[in-house]
Amino acid sequence: MAAMTRADGTDGRPPAHDRAGGVPVTVLHDERLDRAGVTVLLVRDDLVDPELPGNKSRKLKYNLVAAREQGHGTLLTFGGAYSNHLRAVAAAGRRHGFRTVGVVRGEEHLPLNPSLAYAAAHGMTLTYLDRDAYRRKHTEPVLAALRATWGDCYVIPEGGSNALAVRGCAELPAAIDADFDVLCCPVGTGGTLAGLAAGLRPGQRALGVAVLKGAGFLVDEVRELQRQALGAPTDNWRIDLDHHYGGYARRTPALDAFIADFHARHDLALDPVYTGKLLAALYDLTERGAFPPGTRLAAVITATAWP
Ligand SMILES: *Cc1c(COP(=O)(O)O)cnc(C)c1O
């Protein structure tokens, strides 16, 4: 039977993020996992909102509320040229009626790459900061210069990670309609991990897989984000630093082979920057005996392809 739709084209229900049990979950069938007695569930957060896939929209949710409450009409944020965050802010701004300004690291290159072309097509004004100024982007002189150009605006940090982002991500665990022991996610800036850990039940743990090389500093970042959002860090998470495959947006033949094999077996195209490293890490850790038999891992597919 077809789903009921109302005259306005919606089903009359709140957005999926607000519904308990709103995230599709599938079980991976794979003899390598069976041998170790480990179950892996895929938490398909990438499917919840087709126009705004994945964790970036959770990170934005309460920032948009705050921007509106504070009377701002413009969102300004920062990102590298391949940033998913810039795309997400552009799409969310268009949907919710904000003007958006994206401050991009480095120089303009035309034609725009697919990430920046997507952001521009969704109404984002792009502006560029040289690498030196970009490094100081969160300091008052740089912010004052940006405000002088673009007017008063709600500033969202690079990657979207702040206390309000932690609050948004903390809603994901309760939306997973399945039992699990360890909730696993890729880690870029740490906001997602900070939030997921904050939303777990007692006894559950979170495991983040760093996608950057030399990312030990992320432990302090996640602690600090939790301190800002919750008052104190939680002690139910850890970060794996050994599965970055060469560093941010780098890849190796072994990672590429894993992603191709996973696609062939499970018909899911993992991305090489985040979710590919997450699943490759979970298989590697499983085969090394890092999880006791009977462990149920839930892997958050933070995003697959952008539309
Ligand atoms: C940004 C991003 C992450 C990392 O999230 P952080 O909160 O920055 O750690 C993971 N997966 C995908 C698909 C992303 O776009």
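In this chain, numbering begins with 1 at the start of the sequence shown.
Counting heavy atoms from C-beta on, the side chains of Val142 and Leu129 come closer than 4.5 Å. Thr192 is not listed as a side-chain neighbour of Arg58, based on a closest heavy-atom distance of 4.5 Å or more. Residues Met124 and Val101 have side chains not in contact (no heavy-atom distance under 4.5 Å, counting atoms from C-beta outward). Side-chain contact between Trp150 and Thr125 is present, with heavy atoms from C-beta onward closer than 4.5 Å. Side-chain contact check for Cys185 versus Leu183: every heavy-atom pair is 4.5 Å or farther apart. Using a 4.5 Å heavy-atom threshold, the side chains of Leu207 and Leu282 count as touching. Side-chain contact between His138 and Pro157: present, with at least one pair of heavy atoms (C-beta onward) separated by less than 4.5 Å. The closest side-chain heavy-atom distance from Phe78 to Leu146 is below 4.5 Å.
For Tyr82, the OH atom sits in a loose shell: 12 or fewer heavy atoms of surrounding residues, nucleotides or ligands are nearer than 6.0 Å. Counted within 6.0 Å of CG on Asp235, heavy atoms from surrounding residues, nucleotides or ligands total 12 or fewer; the atom is thus considered open. In the displayed structure, Arg250 atom CZ is contacted under 6.0 Å by at most 12 heavy atoms of other residues, nucleotides or ligands. Under a cut-off of 6.0 angstrom, the local environment of CG in Asp267 is sparse, with at most 12 non-hydrogen atoms contributed by other residues, nucleotides or ligands. Environment of CD in Gln70: crowded, with over 12 heavy atoms of neighbouring residues, nucleotides or ligands closer than 6.0 Å.
Under the 30°/60° scheme for interplanar angles, the aromatic rings of His243 and Tyr245 are found to be tilted.
Shortest non-hydrogen contact noted between Ala198 and Ala170 is CB-CB, 4.3 Å. Residues Asn63 and Ala165 share a closest heavy-atom pair of ND2-N, 3.9 Å. Nearest heavy atom pair, residue Leu41 against residue Asp179, reads CD1-O, 3.6 Å. Contact between Thr77 and Ile156 at its shortest, heavy atoms only, is OG1-O, 2.7 Å. Summarising the geometry of Ser57 relative to Leu52, their closest heavy-atom pair is OG-O, 3.3 Å, with the distance given to 0.1 Å. Between Ala163 and Leu225 the shortest heavy-atom distance is N-CD2, 4.5 Å.
Here side chain to side chain donor-acceptor pair (under 3.5 Å) pairs that include residues 201-218, with residues two or more places apart or in two chains, number zero.
Donor-acceptor pairing under 3.5 Å is recorded for the side chains of Tyr283 and Asp30.
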| query | Leu200 and Phe180: side-chain contact (heavy atoms from CB on, under 4.5 Å), yes or no, with the steps? | reply | CA-CA 10 Å; Leu200 293 176; Phe180 59 84; 3.8 Å; yes
| said: side-chain contact (heavy atoms from CB on, under 4.5 Å) for Leu112 and Leu110? Distances and angles first, verdict last. | reply: CA-CA 5 Å; Leu112 296 175; Leu110 294 174; 4.0 Å; yes
| field | side-chain contact (heavy atoms from CB on, under 4.5 Å) between Asn113 and Leu116, worked out | value | CA-CA 6 Å; Asn113 71 41; Leu116 296 181; 3.8 Å; yes
| request: Applying side-chain contact (heavy atoms from CB on, under 4.5 Å), run through Leu33 and Leu297 and close with a yes or a no. | output: CA-CA 11 Å; Leu33 304 173; Leu297 306 175; over 6 Å; no
| request: Apply side-chain hydrogen bond (donor to acceptor under 3.5 Å, both in side chains) to Thr234 and Gln226, showing your working. | output: CA-CA 7 Å; Thr234 64; Gln226 288 195 322; 3.1 Å; yes
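Looking at Lys277, its side chain does come within 3.5 Å of a backbone N or O of His244 through a donor-acceptor pair. Under a 3.5 Å cut-off, the side chain of Tyr134 and the backbone N or O of Tyr128 do not form any donor-acceptor pair. Side-chain N or O atoms of Ser161 include none that pairs as donor or acceptor with a backbone N or O of Gly190 at under 3.5 Å. A donor-acceptor contact shorter than 3.5 Å is absent between the side chain of Asp46 and the backbone of Pro53. The main-chain N or O of Arg296 is found under 3.5 Å from a side-chain atom of Asp181 such that the two form a donor-acceptor pair. Counting only distance, with no hydrogens or angles, the side chain of Thr149 and the backbone of Ala145 share a donor-acceptor pair below 3.5 Å. The backbone N or O of His29 sits nowhere less than 3.5 Å from a side-chain atom of Arg265 that would complete a donor-acceptor pair. His263 places no side-chain N or O within 3.5 Å of a backbone atom of Ile259 that could act as its donor or acceptor partner. Lys59 places a side-chain N or O within donor-acceptor distance of the main-chain N or O of Gly159, the cut-off being under 3.5 Å.
Between the OG1 atom in Thr127 and the CD atom in Glu108 there is a gap of 9.5 Å [rounded to 0.5 Å]. To the nearest 0.5 Å, atom OG1 of residue Thr252 and atom CZ of residue Phe258 are 11.5 Å apart. A distance of 8.5 Å separates CZ in Arg135 from CG in Asp130, rounded to the nearest 0.5 Å. Here Arg99 contributes atom CZ and His72 contributes atom NE2; the two are 12.5 Å apart, rounded to the nearest 0.5 Å. Between atom CZ of residue Arg105 and atom NZ of residue Lys137 there is a gap of 7.5 Å, rounded to the nearest 0.5 Å. In this structure, OG in Ser115 is found 8.5 Å from CG in Leu86, a value given to the nearest 0.5 Å.
Taking hydrophobic clusters as Ile, Leu, Val, Met, Phe, Trp and Tyr residues chained together by side-chain heavy-atom distances below 4.5 Å, Val211 does not share a cluster with Leu255. Note: the hydrophobic cluster containing Val166 does not contain Ile176 (ILVMFWY, side chain heavy atoms under 4.5 Å, direct or indirect links). Residues Val38 and Val27 fall into different hydrophobic clusters, defined by Ile, Leu, Val, Met, Phe, Trp and Tyr side chains chained together at heavy-atom separations under 4.5 Å. One hydrophobic cluster, built from ILVMFWY side chains closer than 4.5 Å, cannot hold both Leu212 and Val209; they sit in different ones. Hydrophobic clustering, with ILVMFWY side chains joined whenever heavy atoms are under 4.5 angstrom apart, keeps Tyr274 apart from Leu28.
A salt bridge between Asp242 and Arg288 is absent, with no side-chain N of the basic residue lying under 4.0 Å from a carboxylate O of the acidic one.
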